[in-house]
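Below: the structure, in structure tokens.
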There are 2 protein chains.
Amino acid sequence: MPIPRAKPTISQVAEVAGVSRASVSRAFTNPHMLGEATVARILGVAEDIGYVPNRTARALSTGRTGNVALVVPDIANPFFPPLIQAAQSLADKSDFCVFLGSSGEDPAQEDKLLSRFADQVDGMILVSSRLPEDRIRHHADARPLVLVNRDVNGIPRVLIDSGVGVAQAVSHLADLGHRRIVYLGGPSQSWSNRQRSAAVHKSARAAEMVVETINALVPTHEAGRQAAGAIRETGATAVIAFDDLLAQGVMAGLSELGLSVPGDLSVVGCDDVLGAATYPALTTVSNRSVEAGEQALSLLLDHFRSGALGDVRFLMDTHLVLRATTAARSLGRQAGVAQPVRKGA
Amino acid sequence: MPIPRAKPTISQVAEVAGVSRASVSRAFTNPHMLGEATVARILGVAEDIGYVPNRTARALSTGRTGNVALVVPDIANPFFPPLIQAAQSLADKSDFCVFLGSSGEDPAQEDKLLSRFADQVDGMILVSSRLPEDRIRHHADARPLVLVNRDVNGIPRVLIDSGVGVAQAVSHLADLGHRRIVYLGGPSQSWSNRQRSAAVHKSARAAEMVVETINALVPTHEAGRQAAGAIRETGATAVIAFDDLLAQGVMAGLSELGLSVPGDLSVVGCDDVLGAATYPALTTVSNRSVEAGEQALSLLLDHFRSGALGDVRFLMDTHLVLRATTAARSLGRQAGVAQPVRKGA
DNA sequence: GGCAATCATGCAACCGGTTGCGTTGTCAAG
DNA sequence: CTTGACAACGCAACCGGTTGCATGATTGCC
């Protein structure tokens, strides 16, 4: 009739079972080193008095914590939760616990979080890091690190290649007759933003379109709404936003200005986080965040087992998801600038 | 010219500074026990060789980990991220790290997570727990525990009282002439669901309305969509859904069935997670998830400091947010049952 | 029947901090 | 000059496990 007030320790199990602490430890970690009968007895006693190995103590001794850290810029941004969910769920299957950190898009904060996590985790996943490259390398030096949507040479990374989808978006707009578009950019430190921006410009150049860039500091609905005015000023007939949140904000802002979508302007988002929930349903670029989360965690686990993995660069492609926010260029809204004749197709 | 390959330990600092390990420890935790000059020297050496106290070792020694756990049923459910964000952000300010767990709406999984977290945290926050009461008590016995949206006597809890808002919704529908409504329920283990269901029934009774209940097992868009058929069969003219996800799914499903909202049926959601993003904009009940997250974490921190806090029951009220998915009962769709005359107002 | 290999288990050091208590040194009061 | 109080710091045990090595007991084999 054991009365386990405080958590039972290995010593108590040892005493009750009449063996040494070492044997108890081995019964849990290396049962084959012990006699079957002994193992059974020890496990039985442990069960009885409700003993369960202390992860902290184990971590201190072995250096392995059984924890991983996941850091994102903003939990509330709907792009991340599915990714987090996927990673956490997979971690769970390998008996890992996951620390979650949200940096609020602030590099300093991100840095602080990583330092705090460093000595309690076996590795970390950095999603859409806003950190300068040298800081990333610094942390990667301390612990196994996997990046998501950030491309740093020599550090394992999984990248959602939105370039493909964005390129499709641009040529789709071109096909609809748009000659002047704006790219509403996201965080300047964001790899995805740079990639999308580059894709827009490159594709637009190929299609001989004019593209103006307006930058939103943070990818939020509100920032998008506020950008609507500036977008109108450009005289563009279509806008590609860094992500769906911004796109949705733009739609709201445009609506307040009395402009209709896609009647007056076409809008395309990115990441497909809102499904078909907006009205009109947002044309956007698909995401692969669930797979990205799984892949990142999977890479990390591989790293734990096999020592180190080389220069992994896992690329996932995307595509345009056509819905209802794009239409042929409205004749009522001319760009007001000389339009180069579009050649080809 | 120190070459700190492996993480420096307290012993190395001690050696370099020419003091005992105890003094180094105290320089960080109890500086006033040491001479000013000594503290300065130790801190200087630590800075030089890049020493930072190991949280795991400290935890083992003191019993305090500096971590908290946060467990939710489903990270991807948009109700939770703002709450998580708020809690994590607040934890951060007190130098706490947060473990995140997602149970996938599964009590067994939730139980497993809590056990895994138990010995590495100072306390936990259980959001919308699906656990039976005795299991909750069991875990609360092991570690300080704060509940969100779950009402268990004697355990600190913060509750978002959606009853008020739901009651407003019902009487709003009554005012619009609806006589027969359906309540599309959520997870049966959910306190919020029981609370909302009770509020619907009570208010409906007061208004002499008939309410049928249909249960969705999980609160997802898909589940809502699939419930649309059953809803139509009831002949009801309005539906109140457990949450916005279900409501949005219902709208999608209704639309597929050729029914319009609010023309044929009125729909009201709960939690206001989608903002005005749906079309038509969803009438719903406000939430307070950010405050709930902050409050929960705050209670936990209080508990750490003051030992134990009594039987806290923090209630936050809500209200109906009128948007565009409710309208007067369509005359074209009679409920097909005898309608009691509504008395009063 | 004696010796070596093998198996099962214990001993004790270690992981990196924290902390109760004892020791040393200093200074002021008696 | 002794004594007492106090400040500053070191000793060593401890937190709860893990693990290299040693030991004693079997067993196999010649």
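Every chain is numbered from 1, with letters handed out A, B, ... down the list of sequences. In what follows, every heavy atom counts, from backbone to side chain, and hydrogens, waters and symmetry copies are set aside.
Look at B/R21 and you won't find any side-chain N or O under 4.0 angstrom from OP1 or OP2 of D/dC14. Phosphate proximity of C/dC15 to B/T56: absent, as no side-chain N or O sits under 4.0 Å from OP1 or OP2. Here B/Y51 does not reach the OP1 or OP2 of C/dG16: none of its side-chain N or O atoms lies under 4.0 Å away. A close approach under 4.0 Å does not occur between any side-chain nitrogen or oxygen of A/T9 and OP1 or OP2 of D/dG16.
Heavy-atom nearest nucleotides on DNA chain C were determined for A/G18 and for B/S23, and the one closer to the 5' end corresponds to A/G18. Summary of the strand contacts: B/S61 and B/M33 both lie near DNA chain D, and taking for each the nucleotide with the nearest heavy atom, the more 5' one is attributed to B/M33.
Distance CD (B/Q120) to C1' (D/dG17): 14 Å, rounded to an integer number of Å. B/I10 has its CD1 atom 14 Å from the C1' atom of D/dC9, to the nearest Å. Taking atom CD on A/E36 and atom C1' on C/dT9, their separation rounds to 16 Å, with Å as the unit. In this structure, A/R64 places its CZ atom 9 Å from P of D/dT18, rounding to the nearest Å. Between the CZ atom of B/R58 and the P atom of C/dG17 there is a distance of 8 Å, given to the nearest Å. If you measure from atom NZ of B/K7 to atom P of C/dG16, you get 12 Å, rounded to the nearest angstrom. Put simply, CZ on B/F28 is 15 Å from P on D/dC9, counting in whole angstrom units. At whole-Å resolution of the value, CZ in A/R26 and P in C/dA8 are 12 Å apart.
Between the side chains of A/T65 and A/D122, at least one donor N or O lies within less than 3.5 Å of an accepting N or O.
Between A/R55 and B/D119, none of the side-chain N atoms (NZ, or NE/NH1/NH2) sits under 4.0 Å from a carboxylate O, so this pair counts as no salt bridge. Salt-bridge annotation for A/E110 and A/R130: absent, with no side-chain N of the basic residue lying under 4.0 Å from a carboxylate O of the acidic one.
Out of C/dG10, C/dG17, D/dG17, the shortest distance to the side chain of A/A57 is found at D/dG17. With distances taken from any side-chain atom of B/N54 to the nucleotides C/dC21, C/dG16, D/dT19, the minimum falls on C/dG16. Of all nucleotides listed (C/dG10, D/dT19, D/dC11), D/dC11 comes nearest to the side chain of B/A22.
The environment of CG in B/L217 is sparse: at most 12 heavy-atom neighbours from other residues, nucleotides or ligands sit within 6.0 Å.
Across all strands shown, A/T38 has heavy atoms under 4.0 Å from sugar-phosphate atoms exclusively, and none from any base. B/R55 comes within 4.0 angstrom of no nucleic acid atom, judged by non-hydrogen atoms across all strands. Residue A/V24 is out of contact with every strand shown, counting any heavy-atom pair closer than 4.0 Å. At the heavy-atom level, A/S25 lies under 4.0 Å from base atoms of the strands shown. Note on A/L60: a base of the nucleic acid sits closer than 4.0 angstrom, heavy atoms only.
Between A/F28 and A/Y51, the two ring planes are perpendicular [angle over 60°; tilted spans 30° to 60°]. Under the 30°/60° scheme for interplanar angles, the aromatic rings of A/F304 and A/F96 are found to lie parallel.
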